[in-house]
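Okay, so here's the structure we're looking at.
No hydrogens, no waters, no symmetry mates; every other heavy atom, side chains included, goes into these values. If you read the sequence from its start, that first residue is 1, and numbering goes on from there.
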Amino acid sequence: MPLTNTATRYGSVTKTFHWLIALGIMIMIPLGVIAHDAPFATADQLAYKATLFSIHKTLGVAIFFIALARIVWAISQPKPTPMHPDRKAETFAAEVVHWLLYGSLVMVPLSGWSEHAATDGFAPIWWPFGQNLFFVPKSPALADMLATVHYLLAWVLVGSIVLHVVGALKHHVIDKDATLRRMWFGQTEAGGASVSHSLMAPVAAVAIWAAVLGGGWTLGMFSQDAEPQAEALADVESDWQVTEGTLGLSVQQFGKTVSGSFADWTAQIDFDDSDGSGEKGDVTVTVSIPSLTLGSVTTQALGADFLAAETHPTATFTAPILRTEDGYVSEGTLTLKGAEVPVTLPFTLDLNGDTATMQGQTTLDRRSFGVGDNMNDAEQLGFDVVIDVALTATRATD
């Protein structure tokens, strides 16, 4: 069988691309629906859901590259002519559907891939590349927008496939011509003289994509549902006032580091910067749990099985500040989700007149606080949670 196309016959390369992508789509679409609807209340359910999504994403990336290769090949090849070029409306509709198919086969997997790249954690792609894309920043808001684009364009793809199949069956069953047979493996030749292609077909396809995305925008599908936030923490009186700082955390999920931070927290610091070792003051840090952002798993992290932000909206760390021969350390108690656990936070401190800059890190075991008790497999969700603190504070003046 010849590899290349002619004006009356598809070559074996084109046919292989066609049926390989068709097989991939037949797997991808139901797999995506099943993965989306799969429950994740238990560790086993979450692992199963993540596996389904990983298969879906991995296959999607493969289809993206196969679709690109098919488009490049199609550009380099003559296209067999329509069986009934005299039927202008039917020929035009077929061209529009083909443009929608080609474009959607690129945009649907690319939007899904970009959504993945904009998030942290959950269901990695199994190719040795592609967890990140250089042109896609990490952003939960961007990920939500891309998820909506992916969803809407997937429906365009589904509609295009339905129309494509209906058209092929119409040719095969009603017209009884060789349109469908010409795409199957063999040497069927059919068609006549070449016909010109109108630029209106790709314009119509672009208009359909724009209408679908615009309709989604009008219906509010791109609006961000704000997470319910607790009241902001009240300012505290402190001998040292925090002027800037970050309170971050990171955890391993399915072998990937998921990082986030708390936007609202306060530190009440009593500190004596005199020489010598020993106790130099104390600190009380209060954290607003609902202010956490943790990539695509923020909602899950704030839920009842994890940080329970609704019933336990704050966490508190209270400790003396000790100066030792090796540096500074705060050994105190962290109260989180009703549990009180001893925590040691070593940190560095740089004093420059009335300005102090500190950085510290400690590791917590989430199980000590009853966080994610239903996730008892460290390969799925790590037990260790790394806490990073960095702040700059200035001495309060009377």
Quick check: are there more than 12 heavy atoms from other residues, nucleotides or ligands sitting under 6.0 Å from CG of Asp86? yes
With sequence neighbours left out, write down each residue that passes side chain to side chain donor-acceptor pair (under 3.5 Å) with Asp388, or none if nothing qualifies. Gln361
CG of Leu249 to CD1 of Ile387: how many Å apart, nearest 0.5 Å? 5.0 Å
Shared hydrophobic cluster, Leu163 / Val173 (ILVMFWY, side-chain heavy atoms < 4.5 Å): no
Answer yes or no: is there a side-chain heavy-atom contact under 4.5 Å between Met28 and Ile63? yes
Please report the closest heavy-atom contact between Phe347 and Gly360, naming both atoms and the distance. CB-CA, 3.7 Å
When hydrophobic residues are tied together by side-chain contacts of less than 4.5 Å, even through go-betweens, does Met221 share a cluster with Val33? no
For the side chain of Lys49 and the backbone of Pro39, is there at least one donor-acceptor N/O pair under 3.5 Å apart? no
Would a distance-only check, ignoring hydrogens and angles, find a side-chain to backbone donor-acceptor pair under 3.5 Å from Thr362 to Thr344? yes
Considering all heavy atoms, the nearest His171-His84 contact: CE1-CD2, 3.8 Å
Taking atom OH of Tyr48 as the centre, does the number of heavy atoms from other residues, nucleotides or ligands within less than 6.0 Å exceed 12? no
Which residues satisfy the salt bridge (Lys or Arg N to Asp or Glu O under 4.0 Å) test with Asp365, sequence neighbours excluded? Arg367
Can you check whether Val236's main-chain N or O pairs, donor with acceptor, with Thr266's side chain at less than 3.5 Å? no
Within the 4.5 Å heavy-atom criterion, are Thr363 and Val385 side-chain neighbours or not? no
Check whether more than 12 heavy atoms from other residues, nucleotides or ligands sit under 6.0 Å from atom CG of Asp37, and answer yes or no. yes
Quick one, Phe306 with Asn374, criterion side chain to side chain contact (heavy atoms under 4.5 Å, CB included). Give me CA distance, side-chain angles, the key distance, then yes/no. CA-CA 9 Å; Phe306 292 87; Asn374 60 333; 4.1 Å; yes
Spell out, as yes or no, whether a donor-acceptor pair under 3.5 Å connects the side chain of Thr324 to the backbone of Asp326. yes
I'd like to know if the side chain of His150 reaches the main chain of Val108, judged simply by a donor and an acceptor atom lying under 3.5 Å from each other, with no hydrogens or angles considered. yes
In one Ile/Leu/Val/Met/Phe/Trp/Tyr side-chain cluster, 4.5 Å: Leu351, Leu322: no
Any side-chain heavy atom of Thr392 within less than 4.5 Å of one from Thr355? yes
Side-chain donor or acceptor of Thr14 paired with backbone N/O of Tyr10 under 3.5 Å: no
State whether the side chain of Ser291 and the backbone N or O of Asp264 hold a donor-acceptor pair below 3.5 Å, judged by distance alone. yes
Check whether any side-chain heavy atom of Val165 sits under 4.5 Å from a side-chain heavy atom of Ile161, and report yes or no. yes
Quick one: do Leu153 and Ser104 satisfy side chain to side chain contact (heavy atoms under 4.5 Å, CB included)? Show the steps, please. CA-CA 7 Å; Leu153 293 183; Ser104 297; 5.6 Å; no
Quick one, Asp273 and Leu349 - any side-chain contact, counting heavy atoms below 4.5 Å? no
Between Pro80 and Thr6, the two heavy atoms sitting closest are CG-O, 3.5 Å
More than 12 non-hydrogen atoms from neighbouring residues, nucleotides or ligands closer than 6.0 Å to OH on Tyr151, yes or no? no
Tell me whether His18 at atom NE2 has more than 12 heavy atoms from other residues, nucleotides or ligands lying less than 6.0 Å away. yes
Heavy-atom closest pair, residues Gly382 and Val251: O-CG2, 3.7 Å
Give a yes or no on whether the backbone of Ala94 and the side-chain of His98 come within a donor-acceptor separation of less than 3.5 Å. yes
Taking only residues two or more places apart in sequence or in another chain, which ones pass side chain to side chain donor-acceptor pair (under 3.5 Å) with Ser277? none
One pair to check against side chain to side chain contact (heavy atoms under 4.5 Å, CB included): Trp113 and Leu133. What are the steps and the verdict? CA-CA 8 Å; Trp113 190 1; Leu133 292 172; 3.7 Å; yes
Flag the pair Lys57 / Trp126 as yes when at least one side-chain heavy-atom distance between them is below 4.5 Å, and no otherwise. no
For Asp275, does its backbone N or O pair with a side-chain atom of Lys280 as donor and acceptor, under 3.5 Å? yes
OG1/Thr298 to CG/Leu302 distance, rounded to the nearest 0.5 angstrom? 6.5 Å
Arg366/Asp384 salt bridge by N-O under 4.0 Å criterion: no
Are Lys170 and Glu90 within salt-bridge range, i.e. N to O under 4.0 Å? yes
Worked check of side chain to side chain contact (heavy atoms under 4.5 Å, CB included) between Ile66 and Phe17: CA-CA 7 Å; Ile66 294 172; Phe17 276 135; 3.9 Å; yes
Look at atom CH2 of Trp99 and say whether more than 12 heavy atoms of other residues, nucleotides or ligands are closer to it than 6.0 Å. no
Same apolar cluster: Trp217 and Trp155, side chain cutoff 4.5 Å: yes
Taking every heavy atom of Leu46 against every heavy atom of Gln300, the minimum-distance pair comes out as CD2-NE2, 3.9 Å
Can you name the closest pair of heavy atoms from Leu142 and Pro137 and give their distance? CD2-CD, 3.7 Å
Contact check, side chains of Val149 and Phe222, non-hydrogen atoms, under 4.5 Å: yes
Taking it one step at a time, do His172 and Asp177 satisfy side chain to side chain donor-acceptor pair (under 3.5 Å)? CA-CA 6 Å; His172 191 70; Asp177 60 33; over 6 Å; no
Is any side-chain heavy atom of Thr119 less than 4.5 Å from a side-chain heavy atom of Lys138? no
Using 30° and 60° as the class limits, which term best fits the ring planes of Trp127 and Phe129: parallel, tilted or perpendicular? parallel
Arg70 side chain vs Ile21 backbone, donor-acceptor pair below 3.5 Å: no
